[in-house]
Amino acid sequence: MFRNYKFPITALFLLFTTTHSGCLLLPKQRPDAFRNRRFVSSVLQKPIAGNKANLLALQNLNLRDDLYDCEELHLQTEQIPATPTSTMDVRKFRLPEGVKPTTYDLTLKPRLTEGIFDGTVKITVDVKQSVPDIRLHSNGLSIKSVKVNSEEVKFHLEPEYELLIVEKPSEMNAKVEMSIEFSGSMLDRIVGLYSSTYKSGGKSRSIATTKFEPTYARQAFPCFDEPNMKANFTVHLLKPKESEYIALSNMPEDGDPVDVEDGVMVHFKESVKMSTYLACFIVSDFKSTNDEIMSSHGNIPFRVFATPAQLEKTNYARVTGKKIMEFYLDYFNIKYPLPKLDMVAIPDFVSGAMEHWGLVTYRETALLFDKNISSSNNQQRVATVVAHELAHSWFGNLVTMNWWNDLWLNEGFASYIEYKGVNAAEPDWGMMDQFIVDDLHAVLKLDATMASHPIVQTVETPDQITEIFDTISYNKGASVLRMLENAVTESIFQKGVTMYLNKHAYGNAVTQDLLNELQSLSEDGVDITEFMNTWTVQKGYPIVTVSKTQTGFRLTQKRFLADPDKDDSASGNVAYGYKWTIPITYITDKNNESKLVWFKHTDSHVDIDAGDADWVKFNDHQVGYYRVNYEDEDWMKLIKNIRNLDVSNRAHLFEETFSIAESGQLPYRIPLDLTKSLVEERDYVPWVAASNALDKIKDYLISSDVYSNYKTYIINTVSKAYEHFTWVEKPDEGHLFKRARVVVLDLACTMGHADCLKEAKKHFDDWLQGTINFSQDLRGLVYSFGMESASAEEWEKVWEKFVNEIDAGEKIRLMNGLASTKEPTLLIKLIELAKDDTYIRKQDYFSLLSSISSNPLGTSIVWDYVRENWLVLVNRFGLNDRYLGRLIPSITQRFSSTVKMEEMEAFFAKYPNAGAGESARKQALETVSNNIKWLEENKKSVEDWIKAN
């Protein structure tokens, strides 16, 4: 599954009292009135149960008693619970191990017009031990009745634990048949079973779709919603009678659809054994482009769906997905487990994509590509996301982690293998080099903080589970697997993975199961488990210090921290005492073939005999998950010889030197001297690493008296590359050349390069007048830098273009352009407009706030808005939304004063319940603390270097 202004919000609070089961607002013969007013806290999602008065906040809703009735509910209902408090027993979130489902027979009837659904699920359950009741998950559903072995039984809900507890019938055998009737809402959510809309011919069209990972299947139907509770699913979906509507699920249709009173019922074949989070149901009017994936076990039908107007945009994903799947079939040497594969672009989708087995769903930006509008970056994103999700067909779907503690087995593997998949489909893109700037560098930054966590981490509650879908599980997981593969060799890694998948097919596994298979193939006597445990059960990573000896070099290791003063290595609570078993690789000026030496966690040091080499470069291609620090003389040798290194090693040196200097363990003159080599740099990967570092220094120096000198230095450094790439695209340019142009021009304009800004404004003005004479790769730059000097009238024109644009990728570029204005009142207006998700889809809301906050004029605006409207945001998105949690570090990452730190601490104290954003708050505070320390300890040395250069 790949950031002081006042904002008054008017909320309407209604108080309901009930005398029976509850009171529910329902529309009076006016379904469109109901449908067009989005409830922030949907009354259908949160029915009122019991004989109590309930407070319900209905946001931005003009209620009239001629439109709505208060009807009596004679149902047992539940509310979607708040985040668990410290008084709750987290063990109760887990289901008993002695009761497991074997089959589900599920009928769902989504009502697209009303935005509600009802259904029936029949579950066959094996009861392996004596239990007082049957417990399964249900969240936000109205439960009408429960039968066990045809006997109607009593039940009750524990909403705080998302549980439906069913009383045992008079007689209960080892096998139980349960039948549950239920209903729910599809409105005001983008998880579970929900409604998504899009515009066609000026009219709004509705679809029903699902997103269940990690704990949202229980919002669509009562189920045993844990990954090791696998079962076979037989699904029946109701679709409207209009001929253009279709229904899709994981499996192909079973027979012809059947007309029924309220629509057409579509039946699907029984699925293979799978986890609940992989089930998927869609009712839509989408169209598809069709193909076949070639396989020695029989060709696989392959379809890619989108809204009818965007059907042509599915072709790239279809052609590329076919190539990637055929590579995976060969790589895993295991047949694709299902009889068909569909991919669908969903207008509203909370994640980038989701690997529902046989029916993979995506954001439109992650699946649709239009060569006339989309950029090279868009194209690569489609390829990588498709490759990521299709890799899950085996690693995650066929074999699933036993519990969410081992999420990295799913996401880390897919995040690494996606690069192999795209490399097979697009061999000219240098994907294995791109890995270090796209995946590795970001996680090295996070994992060098105290707020990080181990790859394998114990989680219990839905919030904790949601929270670990993060950079550690994905990027660090992928980076450690890359290091493991390099250490054991590619062929052994590939064979071990296939053995692991075959051994645990249709079942569940833990990290040790993978390591056992690799150990059985290991040829060098290394204890794979002990080696990998040092990386998976400890947070952080080492820095290897290289010092000269008479015969070569001596290597020692210690934990690397962005702020070494915060080191907690002496706490004694870590299994390996923050020592790692490191596969050290190196090349020399005499031999560019990488050599490997093991540095075990029990060793105090390792000695390397480099012969008569003039220089040695450790961690070849940055394939190891560690840092290397040399003596100054050896750093200078590497800098002098940087043009003799390939692109990934050059990128490594840029990221490494700046990161170590930022921690105070290397003089800043080393990385700054290294930047002089950029005058001759033309490759994409090194430019990405360098520009990221240079942009961060710019943020640090924004209030310095040498700020303009620094920008002048960077302009002079980038000018030759700027003149090389230019604004004009030539027909024979490759993918990496196009991407390098964007990085170089972006850096030049950011630093105030006069010609760059002039060209951006000229193209912006021409574009507003209807003339486009620049590459689609440059659209984002033109919109953002053109807008910086645009008038309010021009901003309104861009807003109008944004509202009318249907291409999701172009909308994001336009949105970021709107956020780049230097007029604060327009930024405030943009935030106000974003409250209406007919303008800014809920999936893009946090991206917008992050984009505004990255504008220096917008940082305080967004920070004040979020603090003053936190409860509104919580009400709209829920504390279980990890993107809400990650908003905080995104909008505070440039803070560098104790005043801002105190504001953050006060805000967290006022709202202590962080939900799925608890770790994000710790990361945010540590980032600001490190920023403050940088200014105290590094600012002067950087300023001195700038003055001298």
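The structure displayed is predicted, hence computed values, not measured ones. We number each residue from 1, following the sequence as shown. Computed from heavy atoms alone, side chains included, the values below leave out hydrogens, waters and symmetry copies.
The existence of a salt bridge linking E723 and K720 is excluded, since no basic side-chain nitrogen approaches an acidic carboxylate oxygen closer than 4.0 Å. Between K835 and E832 there is a salt bridge, since at least one side-chain N of the basic residue sits less than 4.0 Å from a carboxylate O of the acidic one. The pair K922-E926 fails the salt-bridge criterion, with no side-chain N (NZ, NE, NH1 or NH2) lying under 4.0 Å from an Asp/Glu carboxylate O. Comment: R867 engages D864 in a salt bridge, judged by a side-chain N to carboxylate O separation of less than 4.0 angstrom. Ionic pairing of E903 and K900 is present here: one or more N-O contacts between side-chain nitrogen and carboxylate oxygen are shorter than 4.0 angstrom.
Ring geometry for W863 against F895 counts as perpendicular: the plane angle is over 60°, on a 0 to 90° scale with 30° as the lower cut. By the 30° and 60° cut-offs, the orientation of the rings of W799 relative to Y839 is perpendicular.
Atom NE2 of residue H753 and atom OG1 of residue T750 lie 12.0 Å apart, to the nearest 0.5 angstrom. To the nearest 0.5 Å, atoms OG1 (T726) and CG (L745) are separated by 8.0 Å. Q379 contributes atom CD, which lies 6.5 Å from atom NE2 of H735 (distance to the nearest 0.5 angstrom). Rounded to the nearest 0.5 angstrom, F907 CZ and I888 CD1 are separated by 4.5 Å. Rounding to the nearest 0.5 angstrom, the gap separating the NZ atom in K696 from the CD atom in E662 is 3.5 Å. Taking CG of D348 as the reference point, atom CD1 of I207 lies at 8.0 Å (rounded to 0.5 Å).
Although no hydrogens or angles enter the test, the distance criterion places no donor-acceptor pair under 3.5 Å between the side chain of R189 and the main chain of Y194. In this structure a side-chain-to-backbone donor-acceptor pair under 3.5 Å is missing from D837 to K842. Side-chain atoms of Q843 come within 3.5 Å of backbone N or O of P347 as a donor-acceptor pair. Formation of a donor-acceptor pair under 3.5 Å by the N855 side chain with backbone atoms of A819 is found in this model. Distance alone, capped at 3.5 Å, places no donor-acceptor pair between the N378 side chain and the F369 backbone. Within the 3.5 Å criterion, the main-chain N or O of L694 finds a donor-acceptor partner in the side chain of Y710. Between the side chain of T307 and the backbone N or O of F286 there is no donor-acceptor pair closer than 3.5 Å. In this structure, R882 contributes its side chain and A916 its backbone to no donor-acceptor pair below 3.5 Å.
In this structure, Y707 places its OH atom where more than 12 heavy-atom neighbours from other residues, nucleotides or ligands lie under 6.0 Å away. Heavy atoms from other residues, nucleotides or ligands lying under 6.0 Å from NZ of K371 number 12 at most.
Residue F737 is tested with W687, F725, Y684 for a ring pair (Phe, Tyr, Trp, His ring centres under 6.0 Å); the sole match is F725.
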Start with the C-alpha gap between N816 and S784, add the side-chain angles, then the distance that decides, and say whether side-chain hydrogen bond (donor to acceptor under 3.5 Å, both in side chains) holds.
-> CA-CA 6 Å; N816 291 335; S784 294; over 6 Å; no

Given K811 and D844, is the salt bridge (charged side-chain N to carboxylate O under 4.0 Å, His left out) satisfied, shown in steps?
-> CA-CA 10 Å; K811 281 186 85 76; D844 298 321; over 6 Å; no

Could you go step by step and tell me if K829 and E796 meet the salt bridge (charged side-chain N to carboxylate O under 4.0 Å, His left out) rule?
-> CA-CA 11 Å; K829 180 176 182 177; E796 294 291 349; 2.5 Å; yes

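Closest non-hydrogen pair, L757 versus G752, comes out as CD1-CA, 3.8 Å. In terms of heavy-atom proximity, I373 sits nearest to R813 at O-NH2, 3.2 Å. The minimum heavy-atom distance linking V728 with R741 is given by the pair O-NH2, 3.0 Å.
Here the two rings, on F654 and F658, have centers that are 6.0 Å apart or farther. Centroid-to-centroid, the aromatic rings of F764 and W767 come within less than 6.0 Å.
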